[in-house]
Colleague: 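So that we are looking at the same thing, I have put the structure below in structure tokens.
Just so you know, these numbers come straight off a predicted model, no measurement behind them. Residue numbering restarts at 1 for every chain, and letters A, B, ... go by the order of the sequence lines.
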Amino acid sequence: MEFLLEIITEEMPSVHVKGALMQLENRLAEGLIANKLVDGKDSFGKIRTYGTCRRLILHGGFVEKQQDKQETIVGPPRSVAFTEDGSATPAAIGFAKSQGVNVGDLEIIQTEKGDYVGINKIEAGKPTPDILEQILPNIIGTLSFPKMMRWGDSSFRFSRPIKSILCLFDRKSLHFSVNGVPAKNFTTGHKIYSPKKLKVETFAEYRALLKQNGVVIDPEERRTQILKQAEKKLARLEAKLHPDNQLLEKLTYDVEHPYVFLGCFPQEYLNLPLEVLSTAMREGQRLFSVLKGKKQLPYFLGVADAYKDPKFLIRKGNERVLKARMEDAKFFWEQDVISSLKEKSKKLDQIIFQERLGSYQDKTDRLKKIVAYIADRLELQAEKNAATGAAELCKVDLMTDMVREFPSLQGKMGGLYAKEEGYAILVWKAIYEHYQPVSLDDSSPSSMTGAILSIADKLDTIVGATGVGIEVSGSKDPFGIRRNAHGVCKIIQEKKLSFSFPRLLDKVINTMKDRLVREKEDVKYYVLDFFKSRLQHIFESQGYRYDLVKASLAPGLDNVYHSYLRLEALDSLKDSPQFGPMIKIAKRVNNILRNQSQYKVNEELLLEKQERELHTTFSIIRDNILPMIAIGDFAKVQRMIFRMRSSINDFFDHVLVMADDKRLRRNRLALLQEISRLLSQIADYSLVVIEG
Amino acid sequence: MSLQNLIMSLQRFWADQGCYLAQPYDVEVGAGTMTPDTFFRVLDDRDWKVAYVQPSRRPTDGRFGENPHRVQKHFQYQVIIKPAPSDIQKMYIDSLTSLGIDLQEHDLRFDEDDWESPTIGAWGVGWQVLLDGLEITQFTYFQQAGGIDLSPVPVEITYGLERLEMFLEEKDNIFDLNWSDDVTYRELRVREEKEFSEYNFNQADVQLLHSSFQKNHREAQRLVDKGLLLPAYDMCLKCSHFFNLLDSRGAISVTERVKMISQIRVVVNRIAQKFTSQEVSA
């Protein structure tokens, strides 16, 4: 039977809507299962959600009621309950009374132990509406949002105030309320065009009626409408939207009735960089910029929550506001280019990066050293000068008017001003890209100079903040340490940068001189540990198995890129037939070595054939793979290690490790210890979970 | 419609909704939220309905009267209702309609924009209201003020009067607005903008401002101890204004900024706490 729920609220942020719909769907499904209203997995497919910034909508098809429950209650044996002539004994009368039935209702129940009297009780299943009325207030009332508010005088919290609830089961409204708002059988139309009550009985009717009254409930439908209308408006210009998925997503939820309008702005503003224009359009007014090829056109696209714009009032209003913003931007650009970046950089010492870590001039001095160090380690002599040159100027744009007005343009503006001044591409690109990636979804710098500068900047912040005692805890992360660490890992992984991570940390720590409050070693190990936990998070979010991630990170973070290669190698072999047996035997080696002191192998004491053979195989393999480990060819390394398995097996089958002779015992343990040491440079196999 | 007609229309509208019409407060503030008719009145659990014009000073926004949109002093129309009526959004929409705006011909949007004022320990959840892309109002459900959780929850509606008037007159330049039929915004304000911009950016005596900040801060603390909360709060408002002036003189580093804001907040929070505990005992 059909179920329909609509919660109308004041305007919620788009991320809130999406999160709440997912929670609603999951928790209602859980509630149905818990109350035995779902027969198998099928019914899950019957829930669908829709939504706008003002509506959370859920539509489903559920069974009418719980299945009836049949229960057999067994009483005394037939021979005790009835005399031979068939009359009831006090035992039968007592049992009947205790069950609230007449003696005549008792039935004979055949069991393995013979005939008994008893009754078959049928408990009627609860009707679905009763159950829904019971569970819905709690499901709705405990939805969680990234930021919640109270209203009125209750302590109830939600994304935005709840205005009304529509809830129907089989055409009839259910009876419950949430924070004093009762469920009813009507919805309301578009806030401006049709703010009236609309009574409905079915979902089809609901959807159609809302459409007539200015509301398209399906986000996909609205998105398609926006894109189609945009395409139509742009066809004549042979242009297309500057792609911006985040903005499209937001607008899809922000409007209930999308109307796309095309506006224009004076040609003169086209002299501004595309980045500035699109930021001015996006922030504040939520407008798309319009491109022809890669060229910005003097047009923009807006999405209004409206039917149409016959008098062009919406378009003209937006044009007026945008013109003012562009006038501002132009003013900022003109002010900013009056003096050169070099000239401006003289004032870097006047802005504080962090009280103990000094000014941005201090940070700049450190960045130059760190960048030069990384370039040397990676043998990038061509990039070294460009990267240090970029480091020198990369923070200057913090003092420009443009970045003060549009903070999201930091870095980019510096790059654009450097380009304007005629700096080489390796320099201005590095400045432009050095905040990237700003999240795990953002792309890494395209230039190697940008990559190096970005790593240097982020590590300076992480090490500095950690070293003066600022730590990440829960939602508190004022210096974006987590985000910065993600950025560093992402760049290293994508650019395949292989270098000693602890030594780079030493370098960064040393550039801090006496600014740090904590001990140098402390800071280093804290940061290493922090990166390990971040890598674990990153790898798992990339879909790698939890235990493989742990096993690959166990050898330590000597080289961040190698941790990734270790994991990749382990992951690529996890389905091979040798994998399970090899893990098992590695675990066996580790188990036997537990709580043993360290010993040394004496070749003369290798008496048995199998232990000599294992020693020889091991030595050859070790000599072969050590150089491979050094260059990070872990796929090859793992495959070679697998070849040792039969020798270890033979060893365990024929040689008694815990021999009575102390010298033999210690020698055999020593051999296993050497093997274990080698394995631990590749992965901690004992952390890998295998079945059986 | 002239600016003064706009003000009169809003006064009429909100008086009809039962608001008491207050007069502007006479100490410099950066926003209407900071005035006592808002700050103190949201702290207790009594019903409260007020509406008033409040001049707001933001020294760093000065542009010597040369920018068509930015000024270092503008006028807000502030509405506070506690508890927020359940149909407050509709009431607000009606207020726009009462100005003669046919919303079916425009695009009215409530765009997520949560508000926060660290200086007075206040934050709220709400929207910037955009009319054809122009931000005309800040609409906020207060959650906290003076570091205290507010219950019942008040709603604050702050209209930017010049913005709204620019929309109504379809003007591109703030100075072209008509204050009345005969007097333009330019005639009234352009000299003030020029002189104050020069003062805010170039002339204000940094030493004097620093010491005034500290003296007023000390005075605020002394007055809180004496239980004179309204005068103590005035001192905090003065501190806030001195801080804003120092900021526009470029005389505050990032760390100083954090420190000075927290200096004010600590006193404001004490004022709020004392105020609510007095309320309870009274």
Side-chain angles (χ1 to χ4, degrees), chain A residues 10-16 53-54 147-155 159-161 163 181 191-193 195 250 254-255 259 261 263 284-287 302-311 313-325 327-328 331 350-355 359, chain B residues 45 60 63 66-70 82-90 93 97 102-114 124-128 130-135 139 141-143 149-155 163 166-167 170-174 250 253-259:
Chain A
E10 293 176 0
E11 286 78 354
M12 294 176 281
S14 57
V15 268
H16 288 206
C53 61
R54 296 182 58 225
K147 188 173 192 177
M148 303 178 71
M149 65 169 282
R150 295 174 292 115
W151 65 95
D153 49 12
S154 120
S155 58
S159 168
R160 292 291 187 276
K163 306 305 298 176
V181 180
K191 191 166 173 173
I192 301 296
Y193 291 105
K250 178 180 158 51
D254 277 1
V255 300
Y259 171 78
F261 58 96
Q285 275 173 278
R286 325 294 184 198
L287 303 172
V303 180
D305 191 13
Y307 285 177
K308 49 190 188 312
D309 187 19
K311 298 183 190 163
L313 297 174
I314 298 175
R315 192 193 87 197
K316 282 186 194 151
N318 274 281
E319 285 177 350
R320 231 177 6 249
V321 180
L322 182 62
K323 189 176 160 226
R325 294 178 72 83
E327 185 59 37
D328 263 2
F331 173 78
Q350 288 174 22
I351 40 174
I352 304 288
F353 169 55
Q354 198 275 341
E355 204 170 4
S359 67
Chain B
D45 57 5
T60 46
R63 292 290 185 274
E66 285 162 13
N67 185 294
H69 301 273
R70 293 208 199 204
K82 180 182 66 170
S86 62
D87 61 344
I88 184 64
Q89 268 199 343
K90 183 178 176 301
I93 290 172
T97 312
D102 180 358
L103 289 172
Q104 298 211 3
E105 294 185 337
H106 296 279
D107 179 27
L108 181 76
R109 298 273 277 280
F110 287 74
D111 190 57
E112 174 193 11
D113 191 15
D114 297 337
V125 169
W127 311 271
Q128 53 166 339
L130 302 176
L131 188 51
D132 298 342
L134 179 71
E135 184 194 346
F139 194 120
Y141 290 100
F142 276 177
Q143 303 290 301
D149 280 339
L150 303 182
S151 179
V153 172
V155 65
R163 292 280 185 84
M166 283 170 87
F167 177 88
E170 295 180 32
K171 294 258 169 77
D172 292 338
N173 190 329
I174 189 171
S253 71
V254 178
T255 37
E256 257 183 317
R257 164 186 300 274
V258 177
K259 206 170 107 195

Colleague: If I compare all heavy atoms of Pro152(B) with all of Asp153(A), which pair ends up nearest, and what's the gap?
Modeller: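 Nearest heavy atoms, Pro152(B) then Asp153(A): CB-CB, 3.7 Å.
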Colleague: At a heavy-atom separation under 4.5 Å, does Lys163(A) approach chain B through its side chain, its backbone, both, or neither?
Modeller: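 Contact with chain B is through the side chain of Lys163(A) alone.
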Colleague: Give, as side chain, backbone, both or neither, the part of Gln104(B) having an atom under 4.5 angstrom from any heavy atom of chain A.
Modeller: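 Backbone plus side chain of Gln104(B), per the 4.5 Å heavy-atom cut-off to chain A.
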Colleague: So which residue, Arg63(B), His69(B), Arg109(B), ends up with the most heavy-atom pairs under 4.5 Å with chain A?
Modeller: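 It is Arg109(B).
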Colleague: Side chain, backbone, both or neither: which part of Leu134(B) has an atom under 4.5 Å from a heavy atom of chain A?
Modeller: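 Both backbone and side chain of Leu134(B) come within 4.5 Å of chain A.
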Colleague: Under 3.5 Å, side chain of Gln143(B) to main-chain N/O of Arg150(A), donor-acceptor pair present?
Modeller: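 Looks like yes, one N/O pair under 3.5 Å.
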Colleague: Just give me the residue among Asn173(B), Leu103(B), Asp113(B), Val155(B) that pairs up with chain A most often, heavy atom to heavy atom, under 4.5 Å.
Modeller: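 Greatest number of close heavy-atom pairs with chain A: Leu103(B).
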Colleague: Given heavy-atom pairs under 4.5 angstrom as the criterion, report whether the side chain, backbone, both or neither of Lys171(B) touches chain A.
Modeller: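 For Lys171(B), the contact with chain A is made by the backbone alone.
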Colleague: Taking side chain as everything from C-beta outward and backbone as N, CA, C, O, which of these in Leu130(B) sits under 4.5 Å from a heavy atom of chain A? Side chain, backbone, both or neither.
Modeller: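 Answer is side chain: those atoms of Leu130(B) sit under 4.5 Å from chain A.
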Colleague: Between Lys191(A) and Gln89(B), is any pair of side-chain heavy atoms under 4.5 Å apart?
Modeller: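 With C-beta onward as the side chain, the pair touches.
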Colleague: Is it the backbone or the side chain of Asp149(B) that comes under 4.5 Å from a heavy atom of chain A, or both, or neither?
Modeller: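 Both parts, backbone and side chain.
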Colleague: Are any of the side-chain heavy atoms of Tyr141(B) and Glu10(A) separated by less than 4.5 Å?
Modeller: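 They are in contact (side-chain heavy atoms under 4.5 Å apart), so the answer is yes.
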Colleague: Among Arg315(A), Glu319(A), Arg286(A), which has the most heavy-atom pairs under 4.5 Å with chain B?
Modeller: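 Among the listed options, the one with the most contacts to chain B is Arg286(A).
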Colleague: Is Pro13(A) in contact with chain B via its backbone, its side chain, both, or neither, using a 4.5 Å heavy-atom distance?
Modeller: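 When you check distances to chain B, atoms from both the backbone and side chain of Pro13(A) fall under 4.5 Å.
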Colleague: Nearest 0.5 Å, please: how far is CD in Glu66(B) from CZ in Phe331(A)?
Modeller: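 CD of Glu66(B) is found 8.0 Å from CZ of Phe331(A).
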Colleague: Is there a donor-acceptor pair under 3.5 Å between the side chain of Asp132(B) and the backbone N or O of Asn318(A)?
Modeller: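 No.
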Colleague: Check each atom of His106(B) against the heavy atoms of chain A and say whether the ones under 4.5 Å are side chain, backbone, both or neither.
Modeller: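 For His106(B), the contact with chain A is made by backbone and side chain together.
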Colleague: Go through the atoms of Val303(A) and report whether side chain, backbone, both or neither lie under 4.5 Å from a heavy atom of chain B.
Modeller: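 Contact with chain B involves the backbone of Val303(A) alone.
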Colleague: Below 4.5 Å from any heavy atom of chain B, which atoms of Asp254(A) appear? Answer side chain, backbone, both or neither.
Modeller: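 Asp254(A) touches chain B through backbone and side-chain heavy atoms alike.
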Colleague: So which residue, Ser359(A), Ala304(A), Ala306(A), ends up with the most heavy-atom pairs under 4.5 Å with chain B?
Modeller: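 Highest number of heavy-atom pairs under 4.5 Å: Ala304(A).
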Colleague: Highest number of heavy-atom pairs under 4.5 Å with chain A: which of Asp172(B), Leu108(B), Asp111(B), Ile93(B)?
Modeller: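 Of Asp172(B), Leu108(B), Asp111(B), Ile93(B), Asp111(B) has the most heavy-atom pairs under 4.5 Å with chain A.
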Colleague: Between Glu112(B) and Glu11(A), is there a side-chain heavy-atom distance shorter than 4.5 Å?
Modeller: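 Side chain of Glu11(A) against side chain of Glu112(B), heavy atoms only: no contact under 4.5 Å found.
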Colleague: Out of curiosity, Leu313(A) CG to Leu131(B) CG, how far, rounded to the nearest 0.5 Å?
Modeller: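 With rounding to 0.5 Å, CG (Leu313(A)) is 10.0 Å from CG (Leu131(B)).
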Colleague: Using a cut-off of 6.0 Å, state whether more than 12 heavy atoms not belonging to Lys147(A) lie near its atom NZ.
Modeller: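 Result for NZ/Lys147(A): enclosed.
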Colleague: Could you look at Arg160(A) and say if it's the side chain, the backbone, both or neither that has a heavy atom under 4.5 Å from chain B?
Modeller: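 Only the side chain of Arg160(A) comes within 4.5 Å of chain B.
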Colleague: I'd like to know if the side chain of Asp107(B) and the backbone of Asp305(A) have a donor-acceptor N/O pair within less than 3.5 Å.
Modeller: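 Yes; at least one donor-acceptor contact below 3.5 Å.
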Colleague: Report which part of Glu170(B) has an atom under 4.5 Å of a heavy atom belonging to chain A: side chain, backbone, both, or neither.
Modeller: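 Looking at Glu170(B), backbone and side chain both touch chain A.
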